[in-house]
Amino acid sequence: MEIIRAKEMGFCFGVKRAVKTVEETAALAAGPIYTLGPIVHNDEVVAQMQALGVWAKDAIDEIDDGTIVIRAHGVPPETLDAARDKGLRVVDGTCPLVIKVQQLARALHEEGYQVIIYGAPQHPEVIGIAGWAGEGAVVVQNLDDVAALPRHKKIGVVSQTTKIPADYQAIVGALMGKCQELRAHNTICNATAQRQAAAVETARQVDVMLVIGEAHSSNSRRLAEVCAQVNPRTYRIATADELDAAWFAGVAKVGVTAGASTPDAAIEQVIAWLKTSTD
Ligand code: F3S
């Protein structure tokens, strides 16, 4: 059976960098190490981090001493201030592309624009960007939210990095009707789109498509959805343990992709299973 790997899959650049930052910090730092929320939404990675002595906490209030590593999503400046005020050592693992969005939002605010952030209000990245955008920033999730906005002289808009470009374009178009001057920054990271395009391209060529990612990873579920649209024999699995040899009976080609929170080790375990357990 031929195994075809999607050209782009697994951890994006920002997540790889944040995981490396945590590992390097764990190797060097004395005292406890924490992240605010899990570094990646993957149980295996969380367990590996715990083995290194790195613990995920929900809030600064729960941490009394040691080092805190900021994950790729970033945090509002108040969180950094609160950590430093408590005497914690802060290591910043924020993705550089997210830092860029935070800086753009702040600059828009300082230049007198009403800042609009297109994204999910409860997503940690959006909470972080809103913090950097200063008071009065508004998060919109859809065109109804834009329709409900009052008119402003100047509006500046940024997007959560993982949003879909066409949806953001529609939001930007609708905002034109809400102001005299609009400044729109394209802050969408192409890692998500590249992974989806590569997954679909692979799914089209194979008999069975595998998407490796946990059920609580929204981008893994989305990858499975887009693959299933072009290949109904698509299976999402968290680990190689969930594979079933019956799926591959008579199959000539199997495709493999993985969500942005899936570690390379999980991908390699699936590939190894396919090589040894089928034929
Ligand atoms: Fe990943 Fe950074 Fe893009 S965290 S999805 S590379 S914005």
Side-chain angles (χ1 to χ4, degrees), residues 6-25 35-42 45-46 48-49 54 56 68-77 79-80 90-108 115 117-133 139 157-169 171 184-200 211-214 216-226 257-264 266-267:
K7 285 197 191 92
E8 303 270 353
M9 65 170 144
F11 284 179
C12 61
F13 145 80
V15 168
K16 266 190 196 147
R17 188 174 169 278
V19 170
K20 196 162 164 250
T21 303
V22 174
E23 288 169 350
E24 286 171 0
T25 305
T35 56
L36 275 187
I39 188 85
V40 175
H41 285 287
N42 180 281
V45 178
V46 169
Q48 280 167 11
M49 290 294 150
V54 181
I68 173 169
V69 184
I70 306 300
R71 58 187 177 165
H73 295 315
V75 292
T79 304
L80 296 175
V90 176
V91 177
D92 195 358
T94 310
C95 173
L97 299 179
V98 174
I99 292 177
K100 179 82 187 154
V101 189
Q102 295 171 343
Q103 289 171 344
L104 286 169
R106 166 144 293 195
L108 287 169
V115 180
I117 302 160
Y118 170 51
Q122 298 311 320
H123 192 284
E125 179 192 318
V126 173
I127 293 170
I129 296 166
W132 286 93
V139 179
V157 58
V158 294
S159 174
Q160 184 181 342
T161 55
T162 46
K163 285 290 178 189
I164 295 167
D167 294 348
Y168 183 43
Q169 272 169 26
I171 295 286
H185 290 288
N186 182 358
T187 54
I188 293 178
C189 167
N190 55 14
T192 309
Q194 278 173 349
R195 275 157 182 68
Q196 285 185 9
V200 169
V211 179
I212 313 165
E214 292 180 348
H216 56 76
S217 155
S218 57
N219 83 83
S220 299
R221 288 199 312 269
R222 179 78 192 127
L223 270 182
E225 275 167 27
V226 295
T257 188
S261 49
T262 305
D264 288 350
I267 300 171

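Remember, it's 1-based here, ligands and their atoms both numbered in the order they're listed. Residue numbers start at 1 and run along the sequence shown.
Using cut-offs of 30° and 60° on the angle between ring planes, the pair His41 and His216 is perpendicular.
The contact set between ligand 1 and Thr161, taken as ligand atoms under 4.0 Å from a residue heavy atom, comprises 7 (S). Taking every heavy atom of Cys95 and a limit of under 4.0 angstrom, the matching atoms of ligand 1 come to 2 (Fe), 4 (S), 6 (S), 7 (S).
At least one N, O or S atom of Cys12 sits under 2.8 Å from atom 1 (Fe) of ligand 1.
Contact between Asn42 and Pro263 at its shortest, heavy atoms only, is ND2-CD, 3.4 Å. Annotation for Ile188 and Lys163: closest pair CG2-O, 3.2 Å, computed over non-hydrogen atoms.
With respect to the salt-bridge test (charged N to carboxylate O, under 4.0 angstrom), the residues Lys20 and Glu23 do not qualify.
Residue Tyr118 forms a side chain to side chain contact (heavy atoms under 4.5 Å, CB included) with just one option from Val158, Asp167, Val139, and that option is Asp167.
Closest protein heavy atom to atom 6 (S) of ligand 1: Gly14 N, 3.4 Å. Looking at atom 3 (Fe) of ligand 1, its nearest protein heavy atom turns out to be Cys189 SG, 2.4 Å.
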